[in-house]
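A, B, ... follow the sequence lines: proteins, then strands. Residue 1 opens every chain. Just the heavy atoms: all of them, side chains too, but no hydrogens, waters or symmetry mates, feed the values below. Treat the numbers as computed from the prediction; the structure is a model and nothing was measured.
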Amino acid sequence: MVDRYNPAEIEPKWQKIWEDAHCFEAKNDFTQKKFYALIEFPYPSGAGLHVGHPRSNTALDIISRKRRMEGYNVLFPMGYDAFGLPTENYAIKTGCHPRVVTETNVAKFREQLKRLGFSFDWSREINTTDPSYFKWTQWIFLQLFKRGLAYKAEMPINFCTSCKVGLANEEVVDGKCDRCGGEVVRKVKTQWMLKITAYAQRLIDNLDMVDFIDKVKTQQRNWIGRSEGAEIIFKLNHGDLTLKVFTTRPDTIFGATYMVISPEHPMIDSKSDVISNMDDIIAYREKAAKKSDFERSELSKEKTGVMLKGIMAINPATGLEIPIWISDYVLMGYGTGAIMAVPAHDMRDYDFAKAFDMPIVEVVSGGNIEREAFVECSTGTLVNSGFLNGLSVDEAKKAMINWLEENGLGTRKVNFKLRDWVFSRQRYWGEPIPLVYCEHCKRWVPLPEDQLPLMLPEVQEFKPSDMGESPLVHATEWINTTCPECGGPAKRETDIMPQWAGSSWYYMRYCDPHNDERLAAREALNYWLPVDWYNGGMEHTTLHLLYSRFWHKALYDLGVVDTPEPYLKRTSHGMVLGENGEKMSKSRGNVVNPDVLIDEIGADAFRMYEMFMGAFDQPIPWSTSGAKGCRRFLDRVWRLMDMAVDGGIRDQNKHLIHSTIKKVSEDIERMKFNTAIAALMSMVNEFYTMESVTKDELHMLLVLLSPVSPHICEEMNRLLGYTTPLYAETWPAWDESALVEASIEYGVQINGKVKARITAPAGTENSELEHIAIENADVKRLIEGLTVRKVIIVKNIINIVAK
RNA sequence: GCGAGUGUGGUGGAAUAGGCAGACACAGCAGACUUAAAAUCUGCCGGGAAACCAUGUGGGUUCGAGUCCCACCAUUCGCACCA
């Protein structure tokens, strides 16, 4: 009898052996075939690792371990995305420096990750808050700035009127400050912006060259939101000023009975002398400032608005004067901040027209506009539309755009929903923006590269100023500097970068993390990039994934990297929910602490359960008893050693073993980890029906199980007398000839319902199968008195169609 | 509201290209071993006496639908300053 399975003893032992052997470190031999596996690096929160992190980590650890066994030079790195709000807020509360908080949290994360036995290359660990790292984040920003991709613009921020600080969207709950309950308003500030919109088309087009799962591609495309239409100029009945609108439906212009502009639209102020109800407008504008874009664009809400008095617009198609309204459902950030309202064919315009009694003119026939807007009208015919009458919607679109262009009243236009990236934060714990404003040069001047990294100044107070400015405004000595170009007095930028900055290029740094000459050596980038397989959460699809693709493309244009895309393949894991099926959170009290459970069942069983619990790409509720079931399975695997006898793989077990090799190999590649593990469980169940198991048979089980639960497999492999550690083993190939079955079982259906089963030798002719099926006693009885119309034989099914 | 997913036993899930629904587990029940418990092992485990009925609901396509199409309902993720 072998000793009891004791993970507490063998897991640290094997972790030490792996570390001493440096077996998971990527080699700087750029001639070998390579594989770069990446998972999103964690934000080191004070709560430590939760059971969601190991899901993504274990998955790519399994794939990385398999790739090494397949002979690849594997890069599987880990690091920390450590700038950000929670650490800063904790610092404000406790007075403890965010750097110290970060160090403590990182140490905790590292310890927890190491305990799980992931095959990370720890020699390449990075941390975005490390000056040797953010030096290059700042360097990239300067390249973007020099390229004209960074600019300043006025953008609204959330501002708490009681704390007097700018708030993140997350900190605004129901229009109130999440910390003090004070009223939140939108306040306009000048902020740094990055021109991601300049890359909108390429970010869509290049999705064709990468292997991202479909739902990720679709969400990125929809987020970028390309739409084709026209920009149309509406003249006013007063002065030379015009209003531009973007519309995807220029064909419906004859039905435009009024216009709506955003309450913030600049036309209002420039025409304030002719608008007679400015008081109402200002009051409405103040109300709108308290709502988020999200609340404003909600379709179901009741429409509100104010008509501008004293000014009208002229519909360029009809020549008629139409009223102009302001309403909060029109956003300044999309299109031109103004729309032509066609109530007959747009739902929101329809609701608005009904609420304010505006005329509704049908211009595409086929709907019932008495009852509702006729929106999906692509099959309709144009009516009440002058020269467009009788045309289809598609024809009318083309004809209208041509007419507008010929008459100088509009142009064909592609519009994107994607907006430029607001890159400023009025906070402390982030990368300082390496620019100074020179009084003399009257412009923003970049710091020379030899002055990077620009360090954060030491401040007493991490709280933003009462005016909502960054805490850096308190660092007077740091702010006041000289202009690198003219030497005159200059002031540093006090806003910092958003936490997304560091994570937009971290996969590059892993290629060569200790380089202080460049962000990474050119040959290392050329060898390792693109990342071969990147796994992460769906929640990062539209922001992080898009931001990093944008930075990568900008750096590609600058000649820093040679690949147009950073990630070859992107997959996504489902979120781990609490035991009650709800999202895990402190406030719900359903957070599972992995440390306690690992003490009880060991890291190997924990890893296995993370993969076995359900479909990898779906959200799954946690089950502690399910995790304990995986420990029971490993106990059973361990006890197989009691049945082990010397010998190779026996003929009668070839089919079992080779079909399992095939199943596990293919399932890992498709991220069907749950069924790969189920196949291994079946194999073990089979072993237990036998008198004994040979060592080579058991060894094969250990090889296949080792990527999932590596410690127990290494230990058993050694106890069985195998001297090559599993990490240095070769991944097995299956033998097709061993998969062939001698006889095949068929389900016999009558009119599509299974009524009987027959077994026949492999290779039996269809005519013979048909005969056997019809002669079957059960079948005979059931089709008695019926006429057999036809018999369909496909795969393992014989379907008799009888009437 | 907009965009993207998901819906199968008491529970998590399985079903590769439209072909035998419920693999593999969890929980539960019964039994063996034990003074007893734990651990372990064995058996049962969607409903129904059966015919049959069952993959969120209602339609459709097909010899055949969990899988494809249409409509609806429920639910999860994201919505640009959380990471």
Inset, instruction - Nearest whole angstrom, please: distance from the P of B:U40 to the CG of A:Asp642. - result: 15 Å
Legend entry - Selected nucleotide, minimal atom distance to A:Ile797 side chain, candidates B:G19, B:C24, B:A14: B:G19
Legend entry - SB check A:Glu666 A:Lys662 (cutoff 4.0 Å): yes
Legend entry - B:A51 and B:U61, which share atom name P, separated by this distance in whole Å: 29 Å
Inset, instruction - Scan A:His544 against the nucleic acid and name what it touches under 4.0 Å (heavy atoms): base, sugar-phosphate only, or nothing. - result: nothing
Legend entry - Pairwise C1' distance, B:U16 and B:A23 [rounded to whole Å]: 14 Å
Legend entry - Of the listed nucleotides B:A4, B:G64, B:A21, the one nearest the side chain of A:Val754: B:A21
Inset, instruction - Between A:Ala679 and A:Gln618, just flag the one whose closest nucleotide in RNA chain B comes earlier from the 5' side. - result: A:Gln618
Inset, instruction - Pick the P atom in B:G64 and in B:A71, then give their distance to the nearest Å. - result: 24 Å
Legend entry - Between P of B:U76 and CE of A:Met575, the distance in whole Å: 12 Å
Legend entry - Sub-4.5 Å side-chain heavy-atom contact between A:Gln749 and A:Ile800: no
Legend entry - Closest approach of A:Glu600 to A:Arg631 (non-hydrogen atoms, all atoms of both residues): O-NH1, 3.5 Å
Inset, instruction - May I ask you to say what A:Glu88 touches in the nucleic acid, namely base, sugar-phosphate or nothing, with a heavy-atom cut-off under 4.0 Å? - result: nothing
Legend entry - Between B:C24 (P) and A:Lys672 (NZ): distance, integer Å: 18 Å
Inset, instruction - May I ask you to say what A:Ile792 touches in the nucleic acid, namely base, sugar-phosphate or nothing, with a heavy-atom cut-off under 4.0 Å? - result: base
Inset, instruction - Considering only atom C1', compute the distance from B:U75 to B:C82 and round it to an integer number of Å. - result: 23 Å
Inset, instruction - Give one of base, sugar-phosphate or nothing for A:Ile800, where a contact means two heavy atoms less than 4.0 Å apart. - result: nothing
Legend entry - A:Arg639 NZ/CZ over A:Tyr5 ring centroid, <6.0 Å and within 45° of normal: no
Inset, instruction - Report the distance from atom CE of A:Met613 to atom P of B:A14, rounded to the nearest whole Å. - result: 12 Å
Inset, instruction - Return the nearest nucleotide to the side chain of A:Leu85; candidates are B:A80, B:A83, B:A4. - result: B:A83
Legend entry - P gap between B:A80 and B:G13, integer Å: 30 Å
Legend entry - Touch class at under 4.0 angstrom, heavy-atom based, for A:Leu543 against every strand present: base
Inset, instruction - Looking only at side-chain atoms of A:Ser623, point me to the closest of B:A14, B:C24, B:C26. - result: B:C26
Inset, instruction - Would you check if there is a donor-acceptor pair between the side chains of A:Asp420 and A:Tyr151 at a distance under 3.5 Å? - result: yes
Inset, instruction - Using a heavy-atom cut-off of under 4.0 Å over every strand shown, decide if A:Asn222 touches base, sugar-phosphate, or nothing. - result: sugar-phosphate
Legend entry - Pairwise 5' ranking along RNA chain B for A:Lys417 and A:Arg4, keeping only the more 5' one: A:Arg4
Inset, instruction - For A:Gln749, answer base if it contacts any base atom (sugar-phosphate contacts may also be present), sugar-phosphate if it contacts only those atoms, and nothing otherwise; contact means non-hydrogen atoms under 4.0 Å. - result: base
Inset, instruction - With C1' as the reference atom in both, quote the distance from B:G9 to B:A54 in angstrom, rounded to an integer. - result: 10 Å
Inset, instruction - Taking atom types as modelled, find out whether A:Arg607 and A:Asn57 have a side-chain donor-acceptor pair closer than 3.5 angstrom. - result: no
Inset, instruction - Nearest whole angstrom, please: distance from the C1' of B:A38 to the CG of A:Asp635. - result: 13 Å
Legend entry - Distance-only side-chain donor-acceptor flag, A:Glu493 / A:Trp192, under 3.5 Å: yes
Inset, instruction - Please indicate whether A:Tyr90 has more than 12 foreign heavy atoms, meaning atoms of other residues, nucleotides or ligands, lying under 6.0 Å from its OH. - result: no
Inset, instruction - Report which part of the nucleic acid A:Glu666 touches: base, sugar-phosphate, or nothing (heavy-atom distance under 4.0 Å, all strands). - result: nothing
Inset, instruction - Locate the shortest heavy-atom distance separating A:Pro98 from A:Thr87; write the atom from each residue and the value. - result: O-CG2, 3.7 Å
Inset, instruction - Look at the side chain of A:Gln219 against the base of B:C77 and say whether a donor-acceptor pair falls under 3.5 Å; ignore hydrogens and angles. - result: no
Inset, instruction - Among B:C24, B:C81, B:U16, find the nucleotide with the atom closest to the side chain of A:Arg670. - result: B:U16
Inset, instruction - Assign A:Arg636 to base, sugar-phosphate, or nothing according to its heavy-atom contacts below 4.0 angstrom with the strands shown. - result: sugar-phosphate
Legend entry - A:Lys755 vs B:C52: side-chain N/O to OP1/OP2 distance below 4.0 Å: yes
Inset, instruction - Enter syn or anti for the glycosidic conformation of B:G9, syn applying to angles within 90° of 0. - result: syn
Inset, instruction - Kindly say if A:Arg639 contacts the phosphate of B:C41, meaning a side-chain N or O under 4.0 Å from OP1 or OP2. - result: yes
Inset, instruction - State whether A:Arg632 places a side-chain N or O below 4.0 Å from either non-bridging phosphate oxygen (OP1 or OP2) of B:A27. - result: yes
Inset, instruction - Using atom CD of A:Glu539 as one end and atom C1' of B:G5 as the other, report the distance to the nearest whole Å. - result: 13 Å
Inset, instruction - Calculate the interatomic distance between A:Phe416 atom CZ and B:A80 atom C1'; express it in whole Å. - result: 17 Å
Inset, instruction - May I have the step-by-step check of side-chain hydrogen bond (donor to acceptor under 3.5 Å, both in side chains) for A:Ser548 and A:Trp505, ending in yes or no? - result: CA-CA 6 Å; A:Ser548 62; A:Trp505 71 282; over 6 Å; no
Inset, instruction - Using only side-chain N and O atoms of A:Asn674, determine if any of them is under 4.0 Å from OP1 or OP2 of B:A14. - result: yes
Inset, instruction - Could you give the distance separating B:C44 and B:A25 at their P atoms, to the nearest angstrom? - result: 14 Å
Inset, instruction - Using a heavy-atom cut-off of under 4.0 Å over every strand shown, decide if A:Tyr746 touches base, sugar-phosphate, or nothing. - result: nothing
Inset, instruction - Indicate, with a heavy-atom threshold strictly under 4.0 Å, whether A:Asp81 touches base, sugar-phosphate, or nothing. - result: sugar-phosphate
Inset, instruction - Taking only the side-chain nitrogens and oxygens of A:Asn685, find out if one of them lies under 4.0 Å from OP1 or OP2 of B:A25. - result: yes
Inset, instruction - For RNA chain B, list all stems, counting runs of three or more consecutive pairs where every pair is Watson-Crick or G-U wobble with both distances under 3.5 Å. - result: B:1-7 with B:73-79, B:10-12 with B:24-26, B:28-32 with B:40-44, B:56-60 with B:68-72
Legend entry - Atom-to-atom span, NZ of A:Lys790 to P of B:G64 - whole angstrom: 9 Å
Inset, instruction - Answer with yes or no whether the side chains of A:Asn535 and A:His573 bring together a donor and an acceptor at under 3.5 Å. - result: yes
Inset, instruction - Remember a base hit wins even if backbone is also touched, and classify A:Lys753 as base, sugar-phosphate or nothing at under 4.0 Å, heavy atoms. - result: sugar-phosphate
Inset, instruction - In whole angstrom, give me the gap between the C1' atoms of B:G18 and B:C69. - result: 13 Å
